[in-house]
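Keep in mind that this is a model prediction, so the values were computed, not measured.
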Amino acid sequence: MDVFDALTELAAARLRVSALAPFVQPFWDRLNEQRYSPGTARQYMNCVAHFAHWLRRRRVSLQTLDQHVVAFVDEHLPRCTCAAPVQRSRNQVRAALHHLLAVVCASGVQQDSRQSSLIDEQLLRFDEHLLHAKGLVGSTRLRRTKIIHALLSMTSNSTTPSADELRQFLAQELSRVSAASGGVTATAVRSYLHFRAFEGDHVEHLLPVVAAPAHWRLAPLPQTLAPDEVSRLLVAFPVDLPSRLRCYALVRCVVDLGLRSSEAIALELDDIDWVAGTVRIGTSKSRRADVLPLPQLTGAAIADYVRSERPQTTSHRVFVRHVAPVDEPVTADVVRRAVRQAYRRAGLQYTRVHILRHTLASRLLNTGGTLKEVADVLRHRELDTSLIYAKVDFTRLGAVAMPWPGSRP
């Protein structure tokens, strides 16, 4: 089948006369290999045709295509007046052009963006430093590199900010996040400056500029759900809910096992021992493998999903995408969305997934568990991390509470 036959006459004409014509068939093949539906593939092809039409009015080198993708999505689409039919949905166009760039790069055409390449090279070395010198896991490294990418994007030399640029960046970031998140930003910047010093740069004068906002880790009371709220949450999965079994199994993993979003999506089929009734958690922050008992209801939810809803795929991950590309695992956003939408259906005013870990810790303590057991279940590297849960150990707190002055004995 000629791919152009699947397009409108105008879209086909725009692609045939463009510099992107040699990549049309590989682009179409990529979408089919990743099992996109014919309708979605045609829409993505129309996005590329729109982009090709816009490129014709510019002398564009394929080596700078990525820069023009950014300009097309951010500048052209909001005020587009191109003749119909064209695709103007930014999310759809961005997704289609992401596939196009992958096809162009796979053909051997290298993107040439000096500023971006300098930053990317610097971030790659920083990430390797965090991995090999600091032993940090992927999620922590990703968060730090994102922060540093934002910092370097506004600096003048792409590697090391000036003191004024650093102050401006920190003021901007700390004004829009909580004190806890501000501490993460400050830690990432300090970590990057130490890395630059390790590389031989003289950045000692910049370290005093980085001051984290005041935040006492054990000051707040952990927010938890009441038992009846947990029950309401677990029944908030109506039969007509899209991907219902996957959503329910993910929420049970968080509620019953206290898994982080990153740990839930990293579960593989081989991690579950159905005979012994255990599950192996291998991607926790401590970069170690932990084996936990698998509660019967949690195992049943996962088994129902695997048998009845999980698509046929080559992926070994338990939780996978239900739409193209189906051979890829879900992201942590799927877990967060499943929990938040369940909160909303249950009529609960919560939004954070981490509250369910706090709830599990509180439930363990108030049914006779110890802080050491909480630390084991939540896979904390240090017992000190679990000390905050002493504030919700109401049984033991009641045993040591002193009478209020003037109250009856």
Side-chain angles (χ1 to χ4, degrees), residues 31-44 89-92 94-96 98-99 139 225 229-272 274 279 281-283 294-357 359-360:
L31 298 181
N32 287 330
E33 289 170 2
Q34 297 191 359
R35 296 162 64 179
Y36 280 88
S37 68
T40 301
R42 281 193 296 271
Q43 289 178 346
Y44 279 16
S89 168
R90 293 184 66 180
N91 289 339
Q92 193 173 58
R94 188 181 291 110
H98 172 77
H99 288 289
S139 58
L225 273 65
E229 291 178 323
V230 175
S231 300
R232 286 163 55 191
L233 177 71
L234 292 176
V235 298
F237 296 89
V239 294
D240 60 343
L241 180 70
S243 302
R244 170 181 173 271
L245 297 181
R246 185 182 68 185
C247 291
Y248 179 66
L250 282 169
V251 172
R252 287 231 70 121
C253 285
V254 180
V255 170
D256 299 334
L257 296 171
L259 298 189
R260 303 176 180 92
S261 298
S262 59
E263 293 169 342
I265 65 172
L267 283 178
E268 297 194 350
L269 296 173
D270 293 340
D271 289 332
I272 302 175
W274 297 104
V279 57
I281 312 299
T283 57
L294 181 64
Q296 190 272 332
L297 291 176
T298 314
I302 295 174
D304 287 345
Y305 164 68
V306 171
R307 286 197 300 256
S308 305
E309 193 177 86
R310 186 177 185 269
Q312 190 173 17
T313 172
T314 59
S315 175
H316 288 189
R317 294 286 181 90
V318 173
F319 301 106
V320 296
R321 290 172 56 92
H322 292 178
V323 295
V326 294
D327 283 335
E328 294 184 7
V330 298
T331 63
D333 284 338
V334 171
V335 184
R336 300 186 192 104
R337 185 164 57 248
V339 173
R340 288 169 184 166
Q341 291 177 349
Y343 282 148
R344 188 160 50 249
R345 291 191 299 270
L348 302 174
Q349 300 301 312
Y350 305 106
T351 57
R352 296 176 57 236
V353 178
H354 214 71
I355 293 174
L356 299 179
R357 279 173 62 85
T359 301
L360 175 61

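- Gly299 approaches Leu294 most closely through the heavy-atom pair CA-CD2, 3.8 Å.
- With sequence neighbours excluded, no residue forms a side-chain hydrogen bond (donor to acceptor under 3.5 Å, both in side chains) with Arg232.
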Acceptor/donor pairs from residues 341-349 side chains to any protein atom, 3.5 angstrom cut, sequence neighbours excluded:
unit_1	atom_1	unit_2	atom_2	d
Tyr343	OH	Arg352	O	2.9
Arg345	NE	Ala236	O	2.6
Arg345	NH2	Ala236	O	2.9

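- Of all heavy-atom pairs spanning Ala264 and Leu250, the tightest one is CB-CD2, 4.2 Å.
- One finds the CG atom of Leu225 at 4.5 Å from the OH atom of Tyr350 (value rounded to the nearest 0.5 Å).
- Smallest separation of non-hydrogen atoms from Phe237 and Leu241: CD2-CD2, 3.8 Å.
- The shortest distance between side-chain heavy atoms of Val334 and Phe319 does not fall below 4.5 Å.
- Ser315 is linked by a side-chain hydrogen bond (donor to acceptor under 3.5 Å, both in side chains) to nothing, counting only residues two or more places apart in sequence or in another chain.
- For the atom pair CZ of Arg252 and CG of Leu234, the computed distance is 4.5 Å after rounding to the nearest 0.5 Å.
- The stretch residues 323-336 participates, sequence neighbours left out, in these side chain to side chain donor-acceptor pair (under 3.5 Å) pairs: Thr313-Asp327, Asp333-Arg336.
- Of the possible polar contacts, none joining the Arg35 side chain to the Ala324 backbone as a donor-acceptor pair under 3.5 Å is found.
- Partners of Ala303 by side-chain contact (heavy atoms from CB on, under 4.5 Å), not counting sequence neighbours, listed by chain and number: Trp274, Arg307.
- Not counting sequence neighbours, the partners of Ser37 by the side-chain hydrogen bond (donor to acceptor under 3.5 Å, both in side chains) test are Thr40.
- Scanning all heavy atoms of the two residues, the minimum distance from Leu245 to Ser308 falls at CD1-CB, 3.7 Å.
- No side-chain heavy atom of Ile265 sits less than 4.5 Å from a side-chain heavy atom of Pro329.
- His322 meets the side-chain contact (heavy atoms from CB on, under 4.5 Å) test with Ser243, Arg246, Tyr305, Glu309, Pro311; sequence neighbours excluded.
- Rounding to the nearest 0.5 angstrom, the gap separating the CG atom in Leu257 from the CZ atom in Arg357 is 10.5 Å.
- For the salt bridge (charged side-chain N to carboxylate O under 4.0 Å, His left out) test, no residue two or more places apart in sequence or in another chain qualifies with Arg321.
- Side-chain contact check for Val320 versus Val326: every heavy-atom pair is 4.5 Å or farther apart.
- In this structure Asp240 satisfies the side-chain hydrogen bond (donor to acceptor under 3.5 Å, both in side chains) test with no other residue, sequence neighbours excluded.
- Between the OG1 atom in Thr359 and the NE2 atom in His354 there is a gap of 10.5 Å [rounded to 0.5 Å].
- Residues satisfying the side-chain contact (heavy atoms from CB on, under 4.5 Å) criterion with Val306, sequence neighbours excluded, are Leu269, Ile302, Arg310, Val318.
- When the salt bridge (charged side-chain N to carboxylate O under 4.0 Å, His left out) test is applied to Glu33, no partner is found at least two apart in sequence or on another chain.
- Remark: Gln34 pairs with Arg30, Tyr36, His99, Pro325 by the side-chain contact (heavy atoms from CB on, under 4.5 Å) rule, at least two apart or across chains.
- Atom CD1 of Ile272 and atom CG of Leu267 lie 6.0 Å apart (nearest 0.5 Å).
- The side chain to side chain contact (heavy atoms under 4.5 Å, CB included) test with Val254 is passed by exactly one of Leu360, Thr298, Ile355, Val353: Val353.
- For the atom pair CG of Leu233 and CG of Leu356, the computed distance is 6.0 Å after rounding to the nearest 0.5 Å.
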